[in-house]
Amino acid sequence: MKHRKPRTPRTTRKAAGLGIVATAGLALAAGTTTADASPGSSRISHAIAIAVDMAHSHADRIHVTQFDQSFNIHEYGPSVAVTANNRATAESVGCSAEDPCRSIALSYQIVTTAGKDARLVNATNISRAANEHCPSCQTLSAAYQFVVALPRGIRLSRQAHSELNSISHQVNALRVSHLPVPEITQRADQLAREVKTILDREAARTPRAGDRESGFRPTVTMHRHVR
């Protein structure tokens, strides 16, 4: 059995060059695979695939204001099984009421897969926010997961990758925002809706021949967990 670790997504490499702090997704594949990546994505065909993404922010008296974000795209072709795990964790610890902490973690994960088993993605999307001995602290964790199931494999278009890259930059721009946490949440939700709109459009352009017979229509499922 041949194992191959997919290449680091170009979006992550490009983002790092632009100063965007993003936690790179972990993608593993077992079985006979082919790596065929379009810009800003990791693509694996005919595989068992695992995608793991996380944003983790920890604020305390030394690091009063902390922000972490992850925005990753995993494009998988026809797959035997796909497991997708997305997590956001934000903690504020030990700050005072006079000098409260601010801790924000935002994680966006996009997974596309195709074939008769595409709808059997094992998806987990979790966020956790905790204030520990930290009165008046602002703590926000938000995890957004998008699972695109298609009857046959397609790549996200160049336009879609460009638009998603723009949204990634906008998520990162929240790092320097002084908006209250409820408004940050609204902005993060708005960007998630924009991601969903883009993916819905991409799913709609999937060739439909044979879909009626198979009973399989393209679907885009969004999971949101905000604390």
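Note that this is a predicted model, so its numbers are computed, not measured.
- Ser136 places no side-chain N or O within 3.5 Å of a backbone atom of Ala97 that could act as its donor or acceptor partner.
- With values rounded to the nearest 0.5 angstrom, Thr185 atom OG1 is found 12.5 Å from Arg227 atom CZ.
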Salt bridge (charged side-chain N to carboxylate O under 4.0 Å, His left out) assessment of Arg155 paired with Glu202: CA-CA 9 Å; Arg155 299 187 185 193; Glu202 293 294 294; over 6 Å; no
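- Taking every heavy atom of both residues into account, Tyr108 and Ala188 meet most closely at OH-O, 2.9 Å.
- Looking at Gln190 and Arg187, their side chains do bring a donor and an acceptor atom within 3.5 Å of each other.
- Counting only N and O atoms by type, the side chains of Glu183 and His178 include no donor and acceptor under 3.5 Å apart.
- Both Ile167 and Val226 belong to a common hydrophobic cluster when Ile, Leu, Val, Met, Phe, Trp and Tyr are linked at side-chain heavy-atom distances under 4.5 angstrom.
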Step-by-step salt bridge (charged side-chain N to carboxylate O under 4.0 Å, His left out) determination, Lys196 to Asp200: CA-CA 6 Å; Lys196 178 67 161 54; Asp200 283 339; 2.9 Å; yes
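- Residues Gln145 and Asn85 approach most closely at NE2-N, 4.1 Å, considering heavy atoms.
- The closest side-chain heavy-atom distance from Val220 to Val147 is not below 4.5 Å.
- Side chain of Ser92 to main chain of Cys137: no donor-acceptor pair is present (N/O by atom type, distance under 3.5 Å, no hydrogens or angles).
- Under the 4.5 Å side-chain heavy-atom criterion for ILVMFWY residues, a single connected hydrophobic cluster contains both Phe67 and Leu179.
- Ser166 contributes no side-chain N or O that, together with a main-chain N or O of Ser162, makes up a donor-acceptor pair within less than 3.5 Å.
- Using a 4.5 Å heavy-atom threshold, the side chains of Leu164 and Ile198 count as touching.
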Criterion salt bridge (charged side-chain N to carboxylate O under 4.0 Å, His left out) on Asp189 and Arg224, from CA distance to verdict: CA-CA 9 Å; Asp189 281 346; Arg224 173 187 182 272; 2.8 Å; yes
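- Within the 4.5 Å cutoff, the side chain of Glu91 has heavy atoms near those of the His56 side chain.
- No donor-acceptor distance shorter than 3.5 angstrom exists from the side chain of Gln109 to the backbone of Ile73, with no hydrogens or angles considered.
- Side chain of Ser79 to main chain of Val82: no donor-acceptor pair is present (N/O by atom type, distance under 3.5 Å, no hydrogens or angles).
- The aromatic rings of Tyr76 and His74 sit parallel, their planes meeting at an angle under 30°, below the 60° perpendicular limit.
- The backbone N or O of Ala129 sits nowhere less than 3.5 Å from a side-chain atom of Thr139 that would complete a donor-acceptor pair.
- Counted by atom type alone, Asn72 and Ser70 present one or more donor-acceptor pairs between their side chains at under 3.5 Å.
- Here the CZ atom belonging to Arg102 is positioned 7.0 Å from the OG1 atom belonging to Thr65, to the nearest 0.5 angstrom.
- When side chains are defined from C-beta on, Asn86 does not count as touching Ile126, because their heavy atoms never get closer than 4.5 Å.
- Distance SG/Cys95 to CD1/Ile62: 10.0 Å, rounded to 0.5 Å.
- Counting heavy atoms from C-beta outward, Phe146 and Val111 have side chains that stay 4.5 Å or more apart.
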Step-by-step side-chain contact (heavy atoms from CB on, under 4.5 Å) determination, Ser157 to Arg205: CA-CA 10 Å; Ser157 65; Arg205 73 180 182 87; 4.0 Å; yes
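- Within the 4.5 Å cutoff, the side chain of Leu191 has no heavy atoms near those of the Leu106 side chain.
- A salt bridge is absent between Arg158 and Glu163; no separation between the charged side-chain nitrogens and carboxylate oxygens falls under 4.0 Å.
- If you take OG on Ser57 and CZ on Arg175, they are separated by 9.0 Å, rounding to the nearest 0.5 Å.
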Audit row: Ser103, Leu140, side-chain contact (heavy atoms from CB on, under 4.5 Å) steps and yes/no: CA-CA 6 Å; Ser103 181; Leu140 168 66; over 6 Å; no
Stepwise side-chain contact (heavy atoms from CB on, under 4.5 Å) test for His58 and Val93: CA-CA 8 Å; His58 178 94; Val93 180; 3.6 Å; yes
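- In this structure a side-chain-to-backbone donor-acceptor pair under 3.5 Å is present from Arg61 to Gly94.
- Residues Leu150 and Val148 have side chains in contact (heavy-atom distance under 4.5 Å, counting atoms from C-beta outward).
- Gln69 places no side-chain N or O within donor-acceptor distance of the main-chain N or O of Ser107, the cut-off being under 3.5 Å.
- When all heavy atoms of Val121 and Ala84 are compared, the closest pair comes out as CG1-CB, 4.4 Å.
- Within the 4.5 Å cutoff, the side chain of Phe71 has no heavy atoms near those of the Asp53 side chain.
- A distance-only check finds no donor-acceptor pair linking the side chain of His223 to the backbone of Asn125 [under 3.5 Å].
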